[in-house]
Protein chains: 2
Amino acid sequence: MSSPLETLWEEVRELTFGTTPQIDRLHTPPTPLHFLRHYLSQNKPFILSASAATTLRWPATALWSSTSYLRQTLSNSTVSLHLTPTGHADSIATHPTSPNSLCFASAHVQQTPFSAAIDAIQSSSIDSDGGFVAYLQQQNDCFRGEYGALAGDCDSDVGWATEAIGSLPEAVNLWIGNGLSETSFHKDHYENLYAVVTGEKHFVLLPPTDVHRMYIRGYPAATYTYSQETGEFKLELENPVRHVPWCSVNPYPSPENKEKEMSEFPLYHNGPKPFEVTVKAGEILYLPSMWFHHVRQTPDPRGLTIAVNYWYDMQFDIKYAYFNFLQSLPPPPKPTSCKSRSLDDSLLNENESDCDEKCREE
Amino acid sequence: MSSPLETLWEEVRELTFGTTPQIDRLHTPPTPLHFLRHYLSQNKPFILSASAATTLRWPATALWSSTSYLRQTLSNSTVSLHLTPTGHADSIATHPTSPNSLCFASAHVQQTPFSAAIDAIQSSSIDSDGGFVAYLQQQNDCFRGEYGALAGDCDSDVGWATEAIGSLPEAVNLWIGNGLSETSFHKDHYENLYAVVTGEKHFVLLPPTDVHRMYIRGYPAATYTYSQETGEFKLELENPVRHVPWCSVNPYPSPENKEKEMSEFPLYHNGPKPFEVTVKAGEILYLPSMWFHHVRQTPDPRGLTIAVNYWYDMQFDIKYAYFNFLQSLPPPPKPTSCKSRSLDDSLLNENESDCDEKCREE
């Protein structure tokens with residue numbers, strides 16, 4: 001017999017997706033009413049295919065495949081470049097002073113002329129002795145700030161979403177990375193319209209009702225500092241200590257960690273299969289507020305993945321109250337069913353907490 | 001400290017209504033987008049004032065205040081008249097054979113020429129030796145069936161709701177009653193637009209998250225039969241026994257029952273105050289799907305309350321899954337806080353169960 005939580009996980013999938021759980025792919029843009037009625041109000045994701053998405057008709061689609069266009073247009077711009085040794089920023093890492101425990105590691109952020117930032121992204125490499133991964137992923141409305149010179153290349157908002165939601169995006173962010181960068185599981189308190197311009201983004205998605213499967217725990221905050229002289233990273237804890245609630249699960253553990261992670265995070269690994277979707281150049285993903293998501297990317301031929309995402313304010317309504325209630329309940333002791341799953345099985349750690357407004361990304 | 005359930009009850013109120021919990025009163029009809037965005041998607045009720053509601057411009061507003069118009073228009077119609085000894089149909093009543101327990105009592109339903117039905121409503125009285133309360137409250141799309149001759153007097157749907165929801169009403173019902181009829185607490189799996197034509201309806205409303213406060217229990221189904229010869233009612237159990245899940249709480253208990261009910265249903269009586277709203281002639285209430293509601297009425301000068309309600313299909317989405325999960329949890333052992341409440345304090349009984357699709361009314 002299933003526990004109430006397991007029943008909830010299954011029922012949300014059945015109600016939202018029917019008997020063959022997969023993300024809708026729309027071939028014409030939704031009307032504002034259709035978007036509100038069938039997706040936003042139901043907290044249900046979809047992909048707008050390239051033929052239907054306005055991104056295909058953005059100047060960006062043609063212009064941004066030229067790196068020299070980008071370098072030239074942003075030649076006077078200084079941007080926030082995020083550097084990590086592993087490609088994992090805002091992610092769980094080994095604690096700097098106690099190797100048997102974990103911390104929440106943020107990237108070294110360095111104000112860099114745009115052209116040098118692109119060089120860094122293209123020359124990123126992970127190396128046991130040195131190396132770095134560079135990612136332009138500042139999430140402070142950067143597209144309208146640091147990258148203002150590119151503003152004319154994309155729509156300033158997603159028309160049907162703006163009309164449905166009744167307000168302009170709260171933030172628009174630009175993301176330029178490569179195949180080494182990965183964003184760990186988290187959720188955002190925004191309705192997210194995520195447009196890929198070049199390359200591909202690979203999302204793993206779980207509905208908010210799966211919160212116990214993410215093993216959200218409080219990790220001490222730490223930040224990388226990178227020395228250009230030595231080419232070395234140092235990870236330092238914040239002082240005073242601040243705990244960041246973050247998802248513990250990694251959907252793609254290394255083969256040597258897989259067994260350990262499956263036994264540490266059984267609700268994730270034995271529960272219903274997460275949704276995996278690839279968003280290609282020209283496509284737009286509607287990623288509903290509060291959905292957990294993990295993101296990897298495949299670069300275009302020159303080694304870049306470029307995306308623009310629009311964050312619209314979410315409604316803090318009865319769904320949000322239900323989520324908070326759910327999250328306040330203890331997790332089930334252990335899974336009652338053990339459906340085996342194919343590839344993507346993984347993960348790590350111990351103590352419940354809340355993922356607050358600060359936990360925002362992609 | 002509040003329990004998670006108590007926190008949920010309060011948070012839904014704060015998120016939905018802000019710091020001064022009261023039902024919005026709109027003075028212009030919402031656009032379909034506005035209705036979807038601010039009300040339907042948020043599961044939030046409102047009242048459309050008479051000046052804004054189309055009901056004021058319905059022929060029904062003028063025509064139905066003439067009883068002779070109604071008698072004449074429906075002179076060939078036979079209608080389903082509901083008779084009870086107390087004015088409480090589809091309600092908890094004393095068990096016919098074991099006086100210390102309770103049952104779920106449905107009305108005696110009698111096919112009656114419309115004119116005789118009106119006579120019965122106007123001559124209803126509750127009497128210790130005899131008497132009856134008559135109510136036209138058939139909920140099977142009766143306005144488009146039994147009362148088809150009146151169809152031209154009202155809109156066949158609520159335009160902005162139809163456009164928002166994307167389909168016509170699943171059912172339209174006519175209600176003709178008097179001040180003695182009362183509808184007990186229940187919820188419907190419909191989005192409900194409730195238009196009062198003459199008289200007033202008094203609603204007590206609680207959000208779906210308050211489900212544990214309703215003490216939904218399984219009661220054996222019973223039906224009244226009324227003998228016109230003797231003027232007596234007999235309440236008979238269904239055979240084989242069928243249990244109907246129903247709310248146990250009465251918001252307006254008699255003074256002699258008040259203390260007993262307060263101690264039997266402490267979560268209702270000590271929890272957050274229910275919403276009380278009066279819907280007047282010409283006004284429309286949007287009663288969101290899954291909200292618990294109790295209804296009383298004040299008649300117009302000739303002793304009638306007339307209303308038309310439109311039931312639109314609800315979306316069975318993540319909110320519905322959250323509700324089912326919530327309902328599957330055991331209630332808290334007893335309230336941790338005991339806020340005293342003013343007037344409307346009440347209630348009765350013991351064993352959890354589900355309020356299924358059958359539990360629909362007003």
Side-chain angles (χ1 to χ4, degrees), chain A residues 2-18 31-45 160-167 191 207-212 288-291 312-330, chain B residues 2-18 31-45 160-167 191 207-212 288-291 312-330:
Chain A
S2 297
S3 71
L5 263 183
E6 287 171 306
T7 303
L8 174 65
W9 301 338
E10 294 291 357
E11 190 173 12
V12 163
R13 283 163 172 78
E14 281 167 33
L15 291 175
T16 311
F17 298 101
T31 63
L33 268 179
H34 189 85
F35 173 55
L36 252 182
R37 186 198 297 148
H38 293 289
Y39 296 100
L40 193 133
S41 156
Q42 297 189 42
N43 203 239
K44 173 177 176 174
W160 41 267
T162 299
E163 205 179 323
I165 292 166
S167 58
E191 305 297 347
T209 40
D210 286 25
V211 59
H212 293 92
S289 55
M290 310 293 285
W291 273 64
Y312 285 87
D313 281 338
M314 67 173 273
Q315 287 285 358
F316 291 87
D317 60 13
I318 192 172
K319 291 194 288 289
Y320 183 70
Y322 270 130
F323 174 84
N324 288 338
F325 170 74
L326 178 65
Q327 189 173 32
S328 76
L329 302 179
Chain B
S2 298
S3 72
L5 264 183
E6 287 170 307
T7 303
L8 174 65
W9 302 337
E10 294 291 357
E11 191 172 12
V12 164
R13 283 164 172 79
E14 281 168 31
L15 292 174
T16 311
F17 298 101
T31 63
L33 269 178
H34 189 86
F35 172 55
L36 253 181
R37 185 197 298 148
H38 294 289
Y39 297 99
L40 193 134
S41 156
Q42 297 188 42
N43 203 238
K44 173 176 174 174
W160 42 267
T162 299
E163 205 181 320
I165 292 166
S167 59
E191 306 296 348
T209 40
D210 286 24
V211 59
H212 293 92
S289 55
M290 310 292 287
W291 273 64
Y312 286 86
D313 282 338
M314 67 172 272
Q315 287 285 359
F316 291 88
D317 60 14
I318 194 172
K319 291 193 289 289
Y320 183 69
Y322 270 129
F323 175 85
N324 288 337
F325 170 74
L326 178 66
Q327 189 173 32
S328 75
L329 303 179

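The sequence lines fix the lettering, A, B, ..., with proteins before strands; numbering per chain opens at 1. Bear in mind the structure is a predicted one, so any value in this text is a computation, not a measurement.
Interface remark: of the candidates A:Thr16, A:Asn43, A:Thr209, A:Thr209 forms the most heavy-atom pairs closer than 4.5 Å to chain B. Your options are B:Glu11, B:Glu163, B:His38, and the one with the most heavy-atom pairs under 4.5 Å with chain A is B:Glu11. Chosen from B:Pro207, B:Ala164, B:Pro32, the residue pairing most often with chain A at heavy-atom distances under 4.5 Å is B:Ala164.
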Problem set entry | Full working for side chain to side chain contact (heavy atoms under 4.5 Å, CB included) between A:Phe325 and B:Thr7 | CA-CA 8 Å; A:Phe325 170 74; B:Thr7 303; over 6 Å; no

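Tested against B:Arg37, the residues A:Leu33, A:Leu40, A:Leu36 include a single side-chain contact (heavy atoms from CB on, under 4.5 Å) partner, A:Leu36.
One distance of note links CD of A:Gln42 with OH of B:Tyr320; it measures 14.0 Å at 0.5 Å rounding. Taking CZ of B:Phe323 as the reference point, atom CD1 of A:Ile318 lies at 9.5 Å (rounded to 0.5 Å).
Across all non-hydrogen atoms, the minimal contact from A:Leu329 to B:Pro4 is CD2-CB, 4.4 Å. Of all the heavy atoms in A:Leu15 and B:Phe316, the pair that sits closest is CB-O, 3.4 Å.
Proximity to chain B involves both the backbone and the side chain of A:Leu5, based on heavy atoms less than 4.5 angstrom apart.
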